[in-house]
Amino acid sequence: MASTDPAADDWAYDELGHFHENAADVGVDASSLLPVRRVVTSLDDGRTVSGLRWGDEDAELVVVHGSAQNAHTWDSTLASLGRPAVAVDLPGHGHSAWRDDRSYHPTALAEDLAVFVAEHAPVSRLICGMSLGGMTVLQLARQRPDLVPRFVMVDITPGVTKDKAKEIHDFIAGPQSFPSFTEIFDRTVEHNPTRTHESLRRGIIHNARKLDDGSWEWRYDRRGPADGTPAVEPKIAETARLAMWDDLEATDQPLLLVRGSRSPVVDDEDVAEFSRRRPDATVVVVDDAGHSVQGDQPVEMARLLAAELA
C-alpha cells in the first residue's frame, strides 16, 4: 500500500481518496456524501475540459474556481451542501487541457465552459464562480444566458486590478517547481494565513504533481504569450477590463456578490460601482474569509449557495 505522506518515496496520488477529510472539516458524516466521479467534455479542436460530478441526479449547481486553482477547491463546500453539482477545471487548470493560444481571458474561457455546462449541467439553476471563475461566469451569462438562470461572483468585480490582487499575483508568479513537498508546502502556508494546514496540504496534492525525482511542480499553465506573440498592451488590457462593467450591467439574471472580509481584492469602491451597475443584486460579506471564501469558510459558502438554490 502506498504511503499517505506526499514526501514518501512510494506516495501515489489518489484523487478521490480525500473526501472523508473534507467531510470531517465541515462536520458531515462521510458516509452521507454524494458519489463523486470525474467527467470530461471534448471540444471541437481536440482539447478536453474536465470536472467533478457530485451525485447521479441532474446537477443543480455549477462551481468554477479561480486562477491557479482547480475543481477541488470546492470539495468542502460541496460536501457541506450535499446537492447534485458539477465543479469544473477551467482550461489550463487541474485535469483540463491547456490552450495552445495560452489565452485565459474570461471571454475565451466562457466559450469552453459553455460546451462543458451544456453537456454536464444543462438544467442547472445556479452557476457560481470565484475570482477568474467569477469573471468567466459573467461572460458566460452574456454569451449563453440560457445556461445561466442566476449566478454568484465570489470576491471579484470588473474593478479588480493587478495592484489590488498583488498578494495573489505574487504567489502565482513564484517558482514553478520545488525540490521537495516541504518547500512547496511552506510557501503555500506563507501566502495563505487564513487556511488550516491540513486544507492547504490537500490543496497542494490536487494542484501540483510529484515528479520522478521527488520534486513537485504546479499543474496549471504558467506559460506567457505564445512564441512570437507580443504581450497585450496595458492600455488594451485596461480597456477590456473596463468593458466588463458594461457586460455586468447588461445582465439581468439574479446575482449575488460574495466578498471576503479579509480580502484586499474587492474594495468599497468596487462594491459601489457593482451596486450602481446592478442595483438589484445582493452583496454579502463573509467574516474571517480571504479571497478564497470557499476555502476559508466552506460551510458559510454552502449556506449562501443553498439560499440561492432555494
Between [X] and [Y] (side chain of the first, backbone of the second, donor and acceptor by atom type, cut-off under 3.5 Å), is there such a pair?
X	Y	answer
K166	V265	no
E300	V286	no
D155	V293	no
S292	Q294	no
S199	R195	no
R278	T282	no

Discussion item. My understanding is that only residues two or more places apart in sequence, or in another chain, count here; which of them pass side-chain contact (heavy atoms from CB on, under 4.5 Å) with T182?
Written reply: S180, D186
Item to complete: In sequence, state the C-alpha distance, the side-chain angles, and the governing distance for R142 and T251, and then conclude on side chain to side chain donor-acceptor pair (under 3.5 Å).
Response: CA-CA 7 Å; R142 292 286 288 124; T251 61; over 6 Å; no
Using a strict threshold of under 4.0 Å (side-chain N to carboxylate O), is an ion pair present between [Y] and [X]?
X	Y	answer
R150	E308	yes
R47	D112	yes
D100	R102	no
R202	D25	yes
R277	E273	yes

Practice prompt. Report the C-alpha separation of Y220 and Q69 in whole Å, then their side-chain angles, then the decisive distance to 0.1 Å, and conclude whether the side-chain contact (heavy atoms from CB on, under 4.5 Å) test is met.
Written response: CA-CA 8 Å; Y220 51 88; Q69 297 181 339; over 6 Å; no
Item to complete: For this output row, return yes or no: ring centroids of F19 and W54 closer than 6.0 angstrom.
Response: yes
What closest approach, in Å, do [X] and [Y] show between heavy atoms, and which atom pair accounts for it?
X	Y	result
D288	D296	O-CB, 4.0 Å
V137	C128	CG2-C, 4.3 Å
R144	A114	CG-CB, 4.0 Å
L147	A118	CD2-CA, 4.2 Å
S131	H291	OG-NE2, 2.9 Å
R201	D5	NH2-CA, 4.3 Å

Hey, could you give me the [atom1]/[atom2] distance between [X] and [Y], rounded to the nearest 0.5 Å?
X	Y	atom1	atom2	answer
H20	D29	NE2	CG	13.0 Å
L257	S275	CG	OG	7.5 Å
D75	S80	CG	OG	12.5 Å
L90	F116	CG	CZ	10.0 Å
D170	H191	CG	NE2	7.0 Å
S177	R222	OG	CZ	8.5 Å

According to a 4.5 Å side-chain heavy-atom criterion applied to Ile, Leu, Val, Met, Phe, Trp and Tyr, with indirect links allowed, do [X] and [Y] form part of one hydrophobic cluster?
X	Y	value
L305	V86	no
V63	L16	yes
I168	V189	yes
V148	L304	no
W98	L113	yes

Check whether any side-chain heavy atom of [X] lies under 4.5 Å from a side-chain heavy atom of [Y], and answer yes or no.
X	Y	value
E190	F171	no
I184	E217	no
L138	L248	yes
I204	P6	no
K164	P264	no
L52	V39	no
R276	E249	no
V117	V88	no

Worksheet item: Between D56 and R37, does a side-chain contact (heavy atoms from CB on, under 4.5 Å) hold up when you go through it step by step?
Response: CA-CA 9 Å; D56 297 321; R37 69 181 188 277; 3.3 Å; yes
Is there a donor in the side chain of [X] and an acceptor in the side chain of [Y], or the other way round, less than 3.5 Å apart?
X	Y	result
T41	E119	yes
T161	D163	no
H72	E15	yes
R38	S50	yes
N70	D89	no
R99	S103	no
D221	Y104	yes
N22	S76	yes

Worksheet item: Given L140, which of V64, I127, T107, V62 fulfils the side-chain contact (heavy atoms from CB on, under 4.5 Å) condition?
Response: I127
Worksheet item: Is the CD atom of Q176 crowded by more than 12 outside heavy atoms at less than 6.0 Å?
Response: yes
Discussion item. Using a 6.0 Å cut-off, check whether atom CD of Q143 has over 12 heavy atoms from anything other than its own residue.
Written reply: yes
Practice prompt. Please report the C-alpha distance between V258 and V152 in whole Å, then the side-chain angles of each, then the deciding distance to 0.1 Å, and finally whether the side-chain contact (heavy atoms from CB on, under 4.5 Å) criterion is met.
Written response: CA-CA 7 Å; V258 177; V152 178; 3.9 Å; yes
Worksheet item: Would you call the rings of W216 and F181 parallel, tilted or perpendicular, where under 30° means parallel and over 60° means perpendicular?
Response: perpendicular
Worksheet entry | Parallel, tilted or perpendicular, as decided by the 30° and 60° cut-offs, for the rings of Y13 and H206 | perpendicular
Fill in: Stepwise side-chain contact (heavy atoms from CB on, under 4.5 Å) test for Q139 and L109
CA-CA 9 Å; Q139 292 303 312; L109 294 177; over 6 Å; no
Worksheet item: So which of D287, D267, D268, D270 actually passes salt bridge (charged side-chain N to carboxylate O under 4.0 Å, His left out) with R259?
Response: D268
